[in-house]
Colleague: 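So that we are looking at the same thing, I have put the structure below in structure tokens.
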Amino acid sequence: MRNKTSPAGGAETVVYQSSLQLSTTTLAFLGNLLRGHLKKIGSRWRKLPPGKIATIVLAVLRHDQRLADMAGGNRISATTVRHWVLEVIGLLAARAPRLERALKKVTRKGGHVVLVDGTLVRTRRHTGVDNRRNFSGKHKTHGLLFLALTGDKGRLLFTRRRCCGRCSC
């Protein structure tokens, strides 16, 4: 099976621009994080430089840009954009504080109010034994549970990695 990178015959390319308000510090941080990761895994090259990848990933995460839109404007595939987004999420999650550290930081600063909230992200159902693990009886659907801890001013302190839908944690 061949991958087609050229547009269909007779199709016109439409390009649009949008404004993405980000600080240079954020872009530099994420670009440096990606550069370090690529060096660590020994990646020889990417289709785009790490700074451009950071911009694309932040556009997807922050402004909910469609993967296909970001891919088409940069002459890459939507699968590549999805891979980059998941890779960056993994890198940022590895740097996130653990629950104990987040709570200790809140108490050190004199805070005593934290808010815990969670959401179930729906998934497709699996067959067999895997079917039962992700079924949430409360929501009557299959999914993965994500929890977040915020301070009294609404600042995100901690996010827990996904757990199965039946968890009550």
Side-chain angles (χ1 to χ4, degrees), residues 1-41 43-97 115 117-127 130-131 133-136 138-150 154-165 167:
M1 177 182 228
R2 286 187 354 189
N3 289 340
K4 288 189 172 187
T5 56
S6 60
E12 294 182 28
T13 304
V14 177
V15 177
Y16 72 95
Q17 293 182 348
S18 65
S19 174
L20 180 63
Q21 295 179 354
L22 294 171
S23 68
T24 54
T25 308
T26 303
L27 282 173
F29 169 76
L30 196 53
N32 290 334
L33 189 64
L34 276 168
R35 277 184 204 90
H37 173 68
L38 295 177
K39 189 174 184 179
K40 181 180 174 185
I41 65 172
S43 179
R44 293 176 57 169
W45 65 276
R46 291 283 168 109
K47 186 85 172 177
L48 297 173
K52 184 77 169 175
I53 293 172
T55 304
I56 291 170
V57 168
L58 289 172
V60 170
L61 293 176
R62 191 160 185 192
H63 292 289
D64 201 23
Q65 292 288 325
R66 289 184 33 207
L67 298 177
D69 291 342
M70 296 307 296
N74 293 291
R75 296 185 176 217
I76 52 177
S77 69
T79 305
T80 302
V81 175
R82 181 179 302 113
H83 173 74
W84 289 344
V85 168
L86 293 175
E87 187 175 41
V88 167
I89 288 173
L91 290 172
L92 292 174
R95 295 182 54 86
L115 305 170
D117 193 13
T119 187
L120 185 81
V121 178
R122 292 181 181 205
T123 60
R124 283 190 257 161
R125 130 184 128 87
H126 299 285
T127 58
D130 290 336
N131 184 20
R133 191 178 67 182
N134 292 333
F135 184 78
S136 170
K138 176 182 176 183
H139 298 284
K140 306 288 189 260
T141 187
H142 293 81
L144 298 171
L145 181 65
F146 290 87
L147 295 174
L149 180 74
T150 60
R155 184 177 172 91
L156 183 65
L157 302 173
F158 168 78
T159 56
R160 185 170 189 260
R161 62 182 183 148
R162 64 169 171 80
C163 61
C164 56
C167 288

Colleague: Would L92 and L30 count as a side chain to side chain contact (heavy atoms under 4.5 Å, CB included) if you check the C-alpha gap in whole Å, the side-chain angles of each, and the deciding distance to 0.1 Å?
Modeller: CA-CA 9 Å; L92 292 174; L30 196 53; 4.2 Å; yes
Colleague: Measuring from L38:CG to R35:CZ, what's the distance to the nearest 0.5 Å?
Modeller: 9.0 Å
Colleague: Distance from N32 atom CG to L27 atom CG, nearest 0.5 Å?
Modeller: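 Going from the CG atom of N32 to the CG atom of L27 covers 10.5 Å.
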Colleague: Nearest 0.5 Å please: distance from the CG atom of L33 over to the CD atom of E87.
Modeller: 9.5 Å
Colleague: A side-chain contact here means heavy atoms from C-beta on lying under 4.5 Å apart; do I89 and L61 qualify?
Modeller: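 Yes, side chains in contact.
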Colleague: So if I apply the side chain to side chain contact (heavy atoms under 4.5 Å, CB included) rule between I56 and each of V85, T80, L48, which one comes out positive?
Modeller: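 Single pass found, and it is L48.
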Colleague: Which heavy-atom pair separates R75 from K47 by the least distance, and what is that distance?
Modeller: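 The answer is O-CE, 3.6 Å.
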Colleague: Could you tell me whether the side chain of W84 reaches within less than 4.5 Å of the side chain of M70, counting heavy atoms only?
Modeller: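 Side-chain contact under 4.5 Å: no.
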Colleague: What are the two closest heavy atoms between A78 and A71, and how far apart are they?
Modeller: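 A78 and A71 have their closest heavy atoms at N-CB, 3.5 Å.
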Colleague: What is the minimum heavy-atom distance between A54 and L34, and which atoms define it?
Modeller: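 Between these two residues, the closest heavy atoms are N-CD1, 4.0 Å.
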